[in-house]
Student: 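After the structure tokens below, expect a handful of questions from me.
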Amino acid sequence: MYCKICGNEKVMTNLLGQSICKECIDEITRTSVFDETYDLYKNLIRILLGYYISEKHQLNPVN
């Protein structure tokens, strides 16, 4: 599988249902709010969270 952020095929971790390599996770966690890349990573996490949260299905077979 490929990393959803950098596209490399490395050791993967499942973050919010998406495959992300350890190097990208380390980079995200070490980024300061004052870095230029902070907004980029913030938007990437927002997009990944949007993929993770899906519409709830009704489990009642009558409806």
Student: Can you list the residues that meet the side-chain contact (heavy atoms from CB on, under 4.5 Å) rule with Ile47, with sequence neighbours excluded?
Tutor: Tyr51
Student: Restricting to side-chain contact (heavy atoms from CB on, under 4.5 Å), what partner residues turn up for Asn43, sequence neighbours left out?
Tutor: Arg46
Student: Can you name the closest pair of heavy atoms from Met12 and Cys21 and give their distance?
Tutor: SD-N, 3.8 Å
Student: Using 0.5 Å steps for rounding, measure from the NZ atom of Lys4 to the CG atom of Leu16.
Tutor: 12.5 Å
Student: To the nearest 0.5 Å, tell me how far Ile25 CD1 sits from Glu23 CD.
Tutor: 9.5 Å
Student: Can you measure from SG (Cys24) to CG (Leu15) and round to the nearest 0.5 angstrom?
Tutor: 10.5 Å
Student: Can you tell if the side chain of Thr31 reaches within under 4.5 Å of the side chain of Leu40, non-hydrogen atoms only?
Tutor: no
Student: Given Ile5 and Ile28, is the side-chain contact (heavy atoms from CB on, under 4.5 Å) satisfied, shown in steps?
Tutor: CA-CA 10 Å; Ile5 295 176; Ile28 290 170; 3.6 Å; yes
Student: Suppose we screen for salt bridge (charged side-chain N to carboxylate O under 4.0 Å, His left out). Which residues come up paired with Asp35, at least two apart in sequence or across chains?
Tutor: none
Student: Identify the heavy atoms of Glu27 and Tyr41 that sit nearest to each other, and give their distance.
Tutor: CG-OH, 3.0 Å
Student: For the side-chain contact (heavy atoms from CB on, under 4.5 Å) test, which of Leu48, Asn14, Thr13 pairs with Ile20?
Tutor: Leu48
